[in-house]
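Notes follow once the structure below has been shown.
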Amino acid sequence: MFGKYVQEADGEPEPIEWQVLEREKDRILVISKYALDCKQYNDGFDPVTWETCSLRSWLNGEFLDAAFSEDEKAMIPAVTVSADKNPKYKTDPGNSTTDRVFLLSIEEVNRYFGSDDDARKCRGTAYCHAQGAAKSSDGFCWWCLRSPGYISDNAANIYYDGSVDECGNNFLCDDCGVRPALWIDLCRQG
């Protein structure tokens, strides 16, 4: 548990549960266990990359400020986030960025979850679904990745069944769950 975010449709912020993906010395890479919110990849239809999309700005601004105290923010380092090409379509991913909060890429999802579709399945919080995230009949939602889709106005995602959708969805799709990822420095204190 680290940070707090609204999880019930009309509730107060509650502790965020994270899944540890990697450990390096005194820091860990985590992804939220549940999709926490529902956001478009980009507010406009113009082709963008992770570097210029509105979801990146929201994660590193409004979400960061809402979910973490000043002491917690001090434990979240700014890291280089690689601009990984879509492995199937080779779509231009733009430039690497420096972020504190980010989405996983297709390459990272494959590295951390392997070929296990069940491990990639994700449920959204009640708040996430109240914000518009779609839900399958068995309760799973699809979630966004930072990698581009088959063209520069699509973003890759993980589908309800846990499969990787390299083709992706249009930026303006407004029913995609958001699973933030970040590094936590276990030795840094605010």
Side-chain angles (χ1 to χ4, degrees), residues 1-23 27-43 50 53-77 79 81 99-105 108-109 112-113 116-146 155-165 169 171-186 188 190:
M1 301 291 198
F2 183 73
K4 290 183 177 184
Y5 199 70
V6 175
Q7 296 180 47
E8 296 301 322
D10 57 357
E12 294 295 315
E14 298 176 40
I16 302 169
E17 192 171 348
W18 301 90
Q19 180 178 345
V20 177
L21 300 176
E22 182 177 352
R23 183 179 183 116
R27 67 182 195 162
I28 54 174
L29 173 62
V30 297
I31 186 169
S32 64
K33 180 175 179 179
Y34 303 102
L36 298 177
D37 211 323
C38 177
K39 295 285 180 189
Q40 293 175 319
Y41 189 83
N42 195 53
D43 292 336
W50 170 249
C53 75
S54 59
L55 184 52
R56 175 177 174 245
S57 296
W58 178 81
L59 283 168
N60 285 280
E62 189 177 330
F63 173 76
L64 183 70
D65 290 338
F68 304 105
S69 68
E70 290 304 315
D71 287 344
E72 290 165 335
K73 283 194 263 188
M75 297 174 68
I76 304 171
V79 297
V81 176
D99 296 317
R100 295 170 79 185
V101 185
F102 50 92
L103 302 179
L104 295 183
S105 67
E108 289 166 336
V109 162
Y112 297 120
F113 294 99
D116 185 356
D117 287 353
D118 284 340
R120 290 189 296 261
K121 285 182 180 179
C122 176
R123 295 187 188 280
T125 62
Y127 178 79
C128 174
H129 292 296
Q131 298 305 304
K135 185 187 325 184
S136 66
S137 60
D138 54 358
F140 294 100
C141 67
W142 62 285
W143 48 284
C144 300
L145 300 176
R146 73 173 185 268
N157 60 75
I158 302 299
Y159 202 60
Y160 304 100
D161 63 3
S163 62
V164 179
D165 178 11
N169 279 325
F171 290 156
L172 298 180
C173 244
D174 60 0
D175 61 354
C176 183
V178 178
R179 288 182 81 182
L182 50 92
W183 284 91
I184 300 172
D185 186 333
L186 301 173
R188 188 178 289 176

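Going from atom OG of Ser32 over to atom CG of Asp37 covers 10.5 Å, rounded to the nearest 0.5 Å. If you take OG1 on Thr125 and CD on Glu8, they are separated by 8.0 Å, rounding to the nearest 0.5 Å. Atom CD of Glu62 and atom OG of Ser57 lie 11.0 Å apart (nearest 0.5 Å). In this structure, Ile76 CD1 and Leu182 CG are separated by 5.0 Å, a value rounded to the nearest 0.5 Å. Note that the OG atom of Ser137 and the OH atom of Tyr160 stand 10.0 Å from one another [nearest 0.5 Å]. Taking NZ from Lys135 and CZ from Arg123, the interatomic distance works out to 8.5 Å, rounded to the nearest 0.5 Å.
In terms of heavy-atom proximity, Met75 sits nearest to Pro77 at O-CD, 3.2 Å. Listed here is the closest heavy atom pair of Pro13 and Lys4: CB-CB, 3.9 Å. Here the shortest heavy-atom pairing between Lys33 and Cys122 reads O-SG, 4.0 Å. When all heavy atoms are compared, the tightest approach of Ala9 to Ala126 is N-CB, 3.8 Å. Contact record, Cys38 with Asp174: SG-O, 3.2 Å, taken as the closest heavy-atom pair. Smallest separation of non-hydrogen atoms from Cys144 and Asn157: CA-CB, 4.1 Å.
A disulfide bridge does not connect Cys128 to Cys141: their SG atoms sit 2.5 Å or farther from one another.
A 4.5 Å side-chain heavy-atom check between Leu59 and Asp99 finds every atom pair outside the cut-off. Between Leu104 and Ile158 there is no side-chain heavy-atom pair separated by less than 4.5 Å. Between Glu108 and Val81, every side-chain heavy-atom pair lies at or beyond the 4.5 Å cut-off.
Counting only N and O atoms by type, the side chains of Ser136 and Asp138 include a donor and acceptor under 3.5 Å apart.
Under the 6.0 Å cut-off for aromatic ring centres, Phe140 and Tyr159 do not qualify, their centroids lying 6.0 Å or more apart.
Using modelled atom types, one side-chain atom of Asn60 and one backbone atom of Val101 make a donor-acceptor pair closer than 3.5 Å. A side-chain donor-acceptor contact under 3.5 Å links Trp142 to the backbone of Asp175. Side-chain atoms of Glu14 never come within 3.5 Å of backbone atoms of Gln7 as a donor-acceptor pair (strictly under, hydrogens ignored). Here the side chain of Asn42 pairs a donor or acceptor atom with the backbone of Ser54 at under 3.5 angstrom. For the pair Arg100 (side chain) and Lys73 (backbone), a donor-acceptor distance under 3.5 Å is present. Remark: the backbone N or O of Leu103 is paired with a side-chain donor or acceptor of Arg146 at under 3.5 angstrom.
Ring orientation note: the planes of Phe113 and Trp143 are nearly perpendicular, at an angle over 60° on the 30°/60° scale. Relative ring orientation between Phe68 and Phe63 is described as perpendicular, the plane-to-plane angle rising above 60° on a 0-90° scale split at 30° and 60°.
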side-chain contact (heavy atoms from CB on, under 4.5 Å) between Ile184 and Phe2, intermediate numbers included: CA-CA 9 Å; Ile184 300 172; Phe2 183 73; 3.6 Å; yes

Pair Leu29-Tyr112, side-chain contact (heavy atoms from CB on, under 4.5 Å): steps then yes or no: CA-CA 10 Å; Leu29 173 62; Tyr112 297 120; 3.4 Å; yes

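Trp183 pairs by the ring-ring contact (aromatic ring centres under 6.0 Å, His included) definition with nothing, not counting sequence neighbours.
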